[in-house]
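The structure under discussion appears below in the form of C-alpha cells.
Please read these numbers as outputs of a predicted model, since none were measured by experiment. Counting starts at 1 for both ligands and their atoms, following the listed order.
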Amino acid sequence: MQLTKLQQDMLNGEQGSGTQIAMEIIVTLAKIYEADVLLPIKSCQVSGVSYGNIGEAGLEFLEELRAGGARSKVKATLNPCGIDLENWESLGYSKEYHENQRRVLDAYEGLGVEPTCTCTPYLLDNVPRYGDHVSWSESSAVSYVNSVIGARTNREGGPSALAAALTGFTGNYGLHLDENRIPEVKVQINVPIKDYIDFGKLGLIMGSKLGKKIPIFSGLVENYCSPENLRQLGAAMAASGAIALYHVEGITKEAMLNDNWSKNDLEEIHVDNLAIICDLTGLEMQESGAVSIDLVFYGCPHYSSDEILSLLDDLRGKKLKTPLWIATSRSIRQELLAHEDILNDIDESVKIIADTCIVVSPIDTLNIKSVVTNSAKAYFYLKNKSFLDVHYISSSECIDAAVNGLMKNTSKGNE
Ligand code: F3S
C-alpha cells in the first residue's frame with residue numbers, strides 16, 4: 001500500500017507519538033483489509049465513551065494519545081456516555097461514577113473530540129453529505145449515514161474511529177468501495193409497514209436473518225419511510241445483526257441512482273405477515289394480564305426535537321404513575337427549553353435525559369427492574385440484561401403504561 005509523504009511522516013512519528021499510534025492503527029487495519037490507499041475523511045463519530053464500558057484501560061489509552069500530542073484533524077463527535085452530565089445527581093447516579101465519566105470526557109476533549117454525547121450527531125452539526133468518506137462507529141449512526149444520507153463508512157470500532165479522527169484518514173476498503181455497496185438480498189414487503197414499531201420489528205427480524213448482508217427493500221411505501229422510521233429500521237438491523245448499509249427501492253438515494261440493481265439476480269425474502277415476524281423475534285408477551293413497570297423509555301436512537309415535541313404533545317395534561325425518560329442530546333434539550341408552554345403542562349415524572357441512554361448507562365444502580373420501550377434497539381440490548389424485564393410496545397402503549405403504572409397485555413401480532 002502506497003502512503004503519501006504526510007501519511008508516512010505521521011507513521012514515522014513526525015507529528016508526535018500520539019498521532020503515530022493512531023496512524024499505526026489505521027495502517028494495520030488497511031493492510032489487513034487489503035486497502036490500496038488511505039482516504040482523507042470528512043468526519044468521525046466515536047463510540048466507547050461510557051466509563052462502564054471503557055474503564056481504566058480505555059482511559060489510559062486516551063491519556064497516552066493525549067500525552068503524545070494527538071489532536072483530531074477533522075470534525076469529530078462523541079457517542080453517549082454513561083450518565084446525564086447535568087442531572088446525574090437527581091437521576092440517582094453515584095458521585096464516583098460521575099467523576100470517572102468526567103475523566104473520560106476530559107481525555108476525549110483533550111484530543112479535540114467534541115463532547116456532544118449523542119448517537120444522532122447528524123441532527124446537530126456533524127452532517128455528512130452524499131458520497132463523503134467518513135469514519136463512524138456507533139452502529140445506528142453508521143447505518144443512517146450509509147443508507148439514508150449515502151455517505152460512506154465502515155462499521156468502525158471506537159478506537160479505529162478515533163484513530164481516523166487523529167490522522168484524518170481511513171483505509172480504502174469495505175463500504176468505501178462501490179462494489180461493496182451493492183445489495184446482496186432483496187426483501188419484498190407484502191404487508192403494510194407503517195409505524196415506528198413496525199419498522200423496528202422488521203429491522204429486528206431482518207438483522208437476525210441476514211447477519212451482515214446488504215438488503216434492498218422493495219414495497220416499502222414512501223409516505224411511511226420518514227427519517228425517524230428509517231433510523232429505527234437501521235438501528236434494529238444493526239443491533240440484531242451487523243447490517244451497516246441497506247437500500248430502499250425508490251427511496252434511498254443510492255438505490256435511486258442505481259435503478260439497474262433491481263435487475264440483479266438476487267436471493268429474495270418475502271415478508272407477508274408481521275405477526276410471523278413477532279413470533280420469530282419473541283416480541284409477543286406469553287403471559288396474560290398486566291405487568292407492573294418501573295420505567296418507560298423513548299429515544300434510542302436519540303430523539304430529534306420534533307419527535308420529542310410530538311411525544312410531549314401526546315403527554316400533555318396526563319398524570320403518570322411511572323417515570324418516563326426521553327433520551328436526546330444536550331443541545332436539543334436546551335433548544336426545547338424555549339417551549340415553556342408545553343413543558344409546563346407535562347407531568348414531572350417525564351424527564352428529558354441528555355448525554356446518555358438506558359443501554360450505556362449503569363441502570364442496575366438505579367433499582368430499575370422492568371422497562372417498556374418503543375425502541376427496537378433498546379429492547380434488543382436490554383433483553384440481555386438478566387436483572388431486567390423488558391417489553392417492546394408502540395409509542396401510544398408506552399404512554400398508557402406510564403399513565404397506569406403497568407402494561408396491559410392487549411396486543412398480539414400486527415397492530
Ligand atoms: Fe443511541 Fe444508546 Fe440507542 S447510544 S442508538 S440511544 S443504545
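Interface of Ser140 with ligand 1, defined as ligand atoms under 4.0 Å from a residue heavy atom, comprises 5 (S). Taking every heavy atom of Cys119 and a limit of under 4.0 angstrom, the matching atoms of ligand 1 come to 1 (Fe), 4 (S), 5 (S), 6 (S). Which parts of ligand 1 touch Cys300 is read off a 4.0 Å heavy-atom cut-off, strictly below it: atoms 3 (Fe), 5 (S), 6 (S), 7 (S).
Using a 4.0 Å cut-off between heavy atoms, Pro80 contacts ligand 1 through its side chain alone, with no backbone atom that close.
Contact check on Lys209 versus Glu267 returns no salt bridge, with no Lys/Arg side-chain nitrogen under 4.0 Å from an Asp/Glu carboxylate oxygen. For Lys369 and Asp294, the salt-bridge test fails: no basic side-chain N is under 4.0 Å from an acidic carboxylate O. Under the 4.0 Å criterion applied to side-chain N and carboxylate O atoms, Arg152 and Asp178 are assigned as salt-bridge partners.
Under a 4.0 Å heavy-atom criterion, Gly299 is in contact with ligand 1.
Counting only distance, with no hydrogens or angles, the side chain of Gln20 and the backbone of Leu11 share a donor-acceptor pair below 3.5 Å.
The shortest non-hydrogen separation linking Asp198 to Pro192 is OD2-O, 4.2 Å.
The nearest N, O or S atom of Cys357 is not closer to atom 1 (Fe) of ligand 1 than 2.8 Å.
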